[in-house]
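All ligand and atom numbering here is 1-based and tracks the order in the structure. Along the sequence shown, residues carry numbers from 1.
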Amino acid sequence: MATAREHPLADIDWAYLEFYVGNAKQAAHYYCSAFGFDQVAYAGPETGVRDRASYYLTQNKLRFVLTSSLRPDDAIAEHVRLHGDGIKDVAILVRDARAAYDAAVKAGAVSVAEPAERSDEFGRVITASIATYGETVHSLVQRDGYRGPFLPGFIETHKSLPGSRKPGLTHVDHCVGNVGWGEMDKWGDFYARTFGFSQLISFDDKDISTDYTALRSKVMTDERHRVKFPINEPAQGKKKSQIEEYLDFYHGAGVQHVAIATENIIETIDALKYNGVDFLETPDTYYDELEARVGKIDEAIQLLRERRILVDRDDRGYMLQIFTKPLQDRPTVFFEIIQRKGSLSFGKGNFKALFVAIEHEQERRGTL
Ligand code: FE2
């Protein structure tokens with residue numbers, strides 16, 4: 001029996017997130033101007049790729065790929081038609097893509113693409129893909145010191161937008177999936193079996209419910225708490241759960257939010273707001289009770305109140321977080337901005353305050 005450290009999916013990290021979108025050229029401009037990414041590589045007709053255009057954006061250790069189909073009826077176009085803009089691939093860096101793929105498939109993962117090697121003058125990359133919830137996939141990426149700007153087939157196109165402020169986003173903290181009624185345990189087991197993950201934490205509908213909405217959640221993680229996958233399922237409430245609203249508009253399971261880390265959330269939020277990013281509101285009363293709930297923190301409560309930043313504490317420390325509004329017209333994918341100060345929390349103490357805010361938005365859309 002292999003120990004956890006010998007598991008081919010033990011020593012992993014985030015590789016990149018690939019979004020399938022209706023218009024990658026314009027989406028790339030949005031993520032650069034609003035979220036401070038630089039466009040560093042491109043693949044499309046000009047580079048010999050006939051069916052799609054992909055823009056590779058980076059910021060510190062964050063790596064996004066925005067891809068659009070150039071055709072009316074291929075898998076990318078169909079994905080966008082059905083789901084709207086969304087995250088197709090939560091790609092994971094592995095030491096050995098073939099071994100990781102073999103282990104995952106042997107443990108029951110559905111194959112999407114068998115291991116394939118691609119190379120150019122910068123070296124070689126081996127990738128394989130497996131399916132997860134909905135139509136989302138995990139590519140397993142072995143870079144072997146590849147020196148090109150992204151993957152073979154991409155050319156360097158360095159471009160940053162001078163007018164926008166750099167928010168200092170550093171890396172992905174966690175990536176959350178919404179799955180259907182009663183499917184949370186199945187997908188939690190999937191990550192335990194195929195990735196060798198363990199459960200970090202779980203919440204039930206008693207923790208996460210307001211008068212109207214409810215959900216259940218469990219967080220699966222690698223042993224170093226680097227790659228964390230919370231999984232949500234809707235629970236019965238008086239009115240429609242926000243998870244159900246997502247499932248309706250995304251037409252199935254998919255990535256609900258990506259939590260992006262920063263080392264100074266106040267400066268980050270100021271920059272993002274300057275760039276035009278919209279965040280969820282939090283009721284003012286939240287701040288009246290904050291210090292009593294989380295105790296002394298480094299940041300002045302007034303600065304958090306002005307920016308609507310949330311705080312939660314566990315036995316290891318505390319964390320600050322705030323959620324954007326949906327990133328596209330469908331109320332589906334959004335970002336969380338998070339600064340951890342020792343805490344491994346996912347914001348359980350904030351769920352109530354947060355959901356009141358989300359329900360207010362649902363009410364405005366007439367979907368509560
Ligand atoms: Fe989160």
Side-chain angles (χ1 to χ4, degrees), residues 14 17 35 62 64 86-87 90 132-133 136 167 169-179 184 187-188 191 197 199-205 207-210 213-222 225-235 241-243 245-247 250 253-263 265 268-269 272 277-282 286 294 304 308-314 316-327 331-359 361:
W14 307 99
L17 297 170
F35 288 94
L62 282 169
F64 284 5
I87 295 177
V90 180
T132 180
Y133 45 77
T136 317
L169 301 171
T170 58
H171 60 277
V172 175
D173 182 273
H174 58 274
C175 183
V176 182
N178 279 345
V179 300
M184 177 187 73
W187 288 107
Y191 285 108
F197 279 12
Q199 187 176 322
L200 186 61
I201 205 162
S202 77
F203 318 102
D204 64 22
D205 42 342
D207 298 319
I208 317 178
S209 69
T210 63
T213 199
L215 67 85
R216 299 173 70 220
S217 186
K218 61 166 62 169
V219 181
M220 304 304 293
T221 180
D222 69 321
H225 300 155
R226 204 181 265 177
V227 174
K228 287 159 288 190
F229 292 137
I231 300 161
N232 299 331
E233 67 178 17
S241 161
Q242 54 153 311
I243 309 305
E245 185 196 36
Y246 174 101
L247 296 170
Y250 200 74
V255 174
Q256 178 209 36
H257 77 264
V258 180
I260 302 175
T262 170
E263 284 162 12
I265 198 166
T268 294
I269 299 312
L272 293 174
V277 175
D278 291 325
F279 293 92
L280 285 186
E281 281 297 330
T282 305
Y286 173 88
V294 300
L304 303 179
R308 290 344 214 191
I309 294 167
L310 307 166
V311 189
D312 196 25
R313 184 182 279 285
D314 62 13
R316 297 169 190 241
Y318 69 98
M319 58 89 107
L320 306 116
Q321 64 180 171
I322 187 169
F323 297 85
T324 71
K325 291 190 178 176
L327 300 164
T332 54
V333 188
F334 59 89
F335 290 156
E336 170 184 349
I337 309 298
I338 183 168
Q339 181 180 4
R340 291 194 184 277
K341 294 196 153 180
S343 169
L344 272 173
S345 164
F346 289 79
K348 175 173 152 181
N350 286 324
F351 285 143
K352 209 112 188 177
L354 169 70
F355 285 3
V356 169
I358 288 180
E359 281 169 16
E361 295 290 315

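Under the salt bridge (Lys or Arg N to Asp or Glu O under 4.0 Å) criterion, D173 pairs with K228, R340, not counting sequence neighbours. D314 meets the side chain to side chain contact (heavy atoms under 4.5 Å, CB included) test with R316, S343, L344, S345; sequence neighbours excluded. K325 pairs by the salt bridge (Lys or Arg N to Asp or Glu O under 4.0 Å) definition with E361, not counting sequence neighbours.
Looking only at side-chain heavy atoms (C-beta outward), F229 and T132 stay at 4.5 Å or farther from each other. Looking at N178 and Y250, their side chains never come closer than 4.5 Å, going by heavy atoms from C-beta outward.
Distances from the Fe ion (ligand 1) under 2.8 Å pick out these protein N/O/S atoms: H174 NE2, H257 NE2, E336 OE1.
Atom CD of Q199 is surrounded by more than 12 heavy atoms from other residues, nucleotides or ligands within 6.0 Å.
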